[in-house]
Amino acid sequence: MQKKPLLLLVVVVFSFIISCNNKEDKSQYNQVMYRAVHNKDTAVLSLNINNKRFYGRYEISYYKTGKDSGDVRGDIKGDTLRGDFHYISNGGSWKRTPIAILKKENKLFLGTGVIGTYFNLPLFMPDQPIEYDKSEFVFEEVKK
């Protein structure tokens, strides 16, 4: 009876490999930079974005305590960007957390929710809502 979990794992890994090898045209992306301030903490989000996907850099500078800096990537569905943030925390070890951002009124609202794991990857629990109303960071576009 262990064939089902093994088959599921093979399908997931195969799908991941195919999606990673997808030769998507990078010229179809718009580059946009956002900045947000919460108390004395500052976050900068530099995104390459099209109508289906996004990727880029995300850095959170904590006042007098350090920063988290790394890459973001994910999918766009309607007004929501969902993916992951793979970063080095305060110069320490690599970490990965899910990220959800709501685009509303030309601003990006960072979401919070209950995080669980699936195949050792962190994700927002699907049966729990993601909260955007009390967002720590509300990003505004930085005009060049």
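When a residue number appears, it is its place in the shown sequence, counting from 1.
Residues Tyr34 and Val142 share a closest heavy-atom pair of C-CG2, 4.1 Å. Contact detail for Phe109 and Ser135: the closest heavy-atom pair is C-OG, 3.8 Å. Minimum interatomic distance between Gly111 and Ile130 (heavy atoms only, all atoms of both residues): CA-CG2, 3.9 Å. Nearest heavy-atom pair across Pro122 and Ile115 is CB-CG2, 4.1 Å.
For the pair Glu59 and Arg57, the salt-bridge criterion is not met [side-chain N within less than 4.0 Å of a carboxylate O].
The aromatic rings of Tyr87 and Phe85 lie parallel to each other, their planes meeting at an angle below 30°, with 60° marking the opposite boundary.
Interatomic distance, CD of Glu136 versus CD1 of Ile60, reported as 8.5 Å (0.5 Å rounding). Residue Lys64 holds its NZ atom at 6.5 Å from NZ of Lys40, rounded to the nearest 0.5 Å. For the atom pair CD (Glu105) and CD (Glu140), the distance works out to 11.0 Å, reported to the nearest 0.5 Å. Taken to the nearest 0.5 Å, the OG1 atom of Thr112 stands 7.5 Å off from the CG atom of Leu110. Distance check, rounded to the nearest 0.5 Å: OG of Ser69 to OH of Tyr58 gives 11.0 Å. Of the inter-residue distances, the one linking Ile101 atom CD1 with Phe139 atom CZ reads 6.0 Å to the nearest 0.5 angstrom.
In this structure, Asn48 contributes its side chain and Gly56 its backbone to no donor-acceptor pair below 3.5 Å. When atom types are taken as modelled, the side chain of Asn50 and the backbone of Lys52 share a donor-acceptor pair closer than 3.5 angstrom. At distances below 3.5 Å, at least one donor-acceptor pair connects side-chain atoms of Glu131 with backbone N or O atoms of Asp133.
Linking Ile, Leu, Val, Met, Phe, Trp and Tyr residues whenever their side-chain heavy atoms come within less than 4.5 Å leaves Leu102 and Ile49 in two separate clusters.
Taking the centre and axis of the six-membered ring of Tyr62, the NZ or CZ atom of Lys67 falls outside the cone set by 45° and 6.0 Å.
Judged as a salt bridge (charged side-chain N to carboxylate O under 4.0 Å, His left out), the pairs with a partner in residues 75-86 (not counting sequence neighbours) are, in order, Arg53-Asp75, Arg73-Asp84, Asp84-Arg96.
With a 6.0 Å radius and a threshold of 12 heavy atoms from other residues, nucleotides or ligands, Asp127 has its CG atom above the threshold.
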